[in-house]
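For reference, the structure is listed below as structure tokens.
Numbers for residues simply follow the sequence, beginning at 1. Atom set for the values below is all heavy atoms of this structure, side chains included, hydrogens, waters and symmetry mates excluded. Atoms within a ligand are numbered from 1 in the order they appear, just like the ligands themselves. The model shown is predicted, which means the values in this text are computed figures rather than measured ones.
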Amino acid sequence: MRPLLFLPGPSMVPDEILASMLKEPVGHRSKEFHEVYSSTVSYLKEVFKTENPVYIFTASGTGGVEAALANVVAPEDRVLVPVYGEFSRRMGEIAKIYSSNVITRRVEFPKCEDIISLIHSHENIDLLLIVYNDTCPGLTLRGLDRITKVAKDSGIMTVVDAISILGGDRLEMDKWGIDVTIAASQKCLASPPGLSFVAMSEDALGKVREVPRRTYYFDIKEYIEFDKRKEVPFTPAVNIMYALNKALSIILENIGLERWISYHEERAKALIKSLGSMGLNPAVPTWNISNTVISTTLPQGLKPAEIIEYLSKEYSIFIADGIGEWKGSILRIGNMGWINKTELYMLVTALADALNKLGNKRIDIDRALNLLKIIHFT
Ligand SMILES: Cc1ncc(COP(=O)(O)O)c(C=O)c1O
């Protein structure tokens with residue numbers, strides 16, 4: 001049976017996209033590469049909603065975060081990092097490698113006002129690092145545009161990790177005034193893992209020129225030079241770029257970005273209702289609900305690991321536990337990329353079965369499935 005990945009990444013990659021990888025990897029200084037590279041970069045700009053350059057790294061999302069921070073965080077910079085999950089915690093850890101002046105502040109279930117107060121209560125901040133969707137506990141920071149505006153008005157540069165949300169929810173890099181935006185291939189862009197992207201505003205590029213070099217592989221000054229001839233400095237994962245290019249062409253040309261995002265929204269709404277009817281309630285408050293990572297608490301006495309194992313053994317369906325301090329207390333269900341109605345029905349049916357068997361519950365499967373009917377996409 002083909003596994004169903006409802007993980008918070010990687011997401012499922014349809015055959016048509018996988019098939020696009022099945023060819024000889026062209027030389028990365030060739031005309032063929034120039035074509036796939038420039039087409040991929042221009043698609044990415046559409047997704048990021050930016051006129052700014054987007055650099056592609058052969059690295060997972062963490063590599064993208066590291067590339068961004070190594071190039072815009074100067075050793076003496078005062079860096080503010082609100083922490084509300086495992087990935088914002090990690091962003092703070094990475095920043096500490098590049099500056100000795102990093103301030104991490106814990107904010108439980110943040111609203112944009114909380115982050116704005118945090119900005120106002122710290123003086124002389126140079127950079128604000130934000131995870132737009134913290135994949136654990138599965139939480140979206142709403143009102144990002146208001147935060148970036150306040151940051152800009154205070155002369156603060158913003159770096160946004162949008163790895164688990166770009167393509168699955170709204171983000172407008174230029175309009176919102178974000179300086180650096182980071183994303184990766186394996187989440188809402190429905191491509192295999194292996195590539196990450198960093199988009200940079202004019203101000204961010206200016207900062208790159210000032211910051212001393214502390215990385216060789218991720219030195220963006222090199223990527224800027226190579227980009228002029230439609231190349232990257234080192235051997236790229238060409239075949240993954242083929243797949244990404246194909247996925248982006250389908251998302252942008254066949255479906256349309258707005259519609260693609262609304263698929264994520266529709267599915268999230270329906271799934272949250274359906275899961276709730278089975279006693280799997282949101283693990284985050286309504287203002288932090290994520291379209292892309294749906295996290296739930298569990299009925300008393302049940303452990304995520306038992307449900308995860310049951311689903312994988314009985315159904316080849318894969319969902320995730322919490323990580324870090326959330327390990328053992330929440331279920332995380334990825335709602336990213338290509339998921340059709342049938343697959344959602346399979347997930348809900350399998351979860352109902354798991355709860356019945358493992359938790360001795362009497363789940364009303366009909367009701368749970370009926371709640372999926374509000375989905376309007378095919
Ligand atoms: C928000 C966020 N940031 C960073 C990462 C790290 O990405 P990777 O595991 O691709 O290195 C992830 C991965 O799930 C993520 O969700």
Taking N or O atoms only and a 3.5 Å limit, does [X] qualify as a polar contact for ligand 1?
X      : value
Ser60  : yes
Asp134 : no
Phe87  : no
Thr135 : yes

Can any side-chain N or O of Asp134 pair as donor or acceptor with the backbone N or O of Thr140 at less than 3.5 Å?
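No.
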Does Thr292 use its side chain to pair, donor to acceptor, with the backbone of Asn335 at less than 3.5 Å?
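Pair absent, no side-chain N/O of Thr292 close to backbone of Asn335.
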Decide whether the shortest distance between a heavy atom of Arg90 and an atom of ligand 1 is less than 4.0 Å.
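No; Arg90 lies far enough from ligand 1 that no heavy-atom distance drops under 4.0 Å.
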Hey, does Val293 sit under 4.0 Å from ligand 1 if you only count heavy atoms?
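Not so, Val293 does not reach ligand 1.
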Under 4.0 Å from a heavy atom of [X]: which atoms of ligand 1 are those, numbered in the order shown and with their elements?
X      : answer
Asp161 : 1 (C), 2 (C), 3 (N), 4 (C)
Ser164 : 1 (C), 16 (O)
Asn133 : 1 (C)
Gly61  : 7 (O), 8 (P), 10 (O), 11 (O)

Which bit of Thr62 gets closer than 4.0 Å to ligand 1, counting heavy atoms only: side chain, backbone, both or neither?
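Contact part for Thr62 vs ligand 1: both backbone and side chain.
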I need the contact type for Met91 against ligand 1. Using non-hydrogen atoms and a strict under-4.0 Å cut-off, is it side chain, backbone, both or neither?
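Under 4.0 Å from ligand 1, Met91 contributes no heavy atoms.
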For Lys221 and Asn71, work out which heavy atoms get closest and say how close.
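Taking every non-hydrogen atom into account, N-OD1, 4.3 Å.
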Charged N to carboxylate O below 4.0 Å: is that the case for Lys228 and Glu225?
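A salt bridge links Lys228 with Glu225.
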So is Arg229 actually on top of Phe226's ring, under 6.0 Å and inside 45° of the axis?
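So Arg229 does make the cation-pi contact.
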What pairs with Pro299 under side chain to side chain contact (heavy atoms under 4.5 Å, CB included), at least two apart in sequence or on another chain?
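Result, side chain to side chain contact (heavy atoms under 4.5 Å, CB included) vs Pro299: Leu280, Leu302, Leu355, Lys361.
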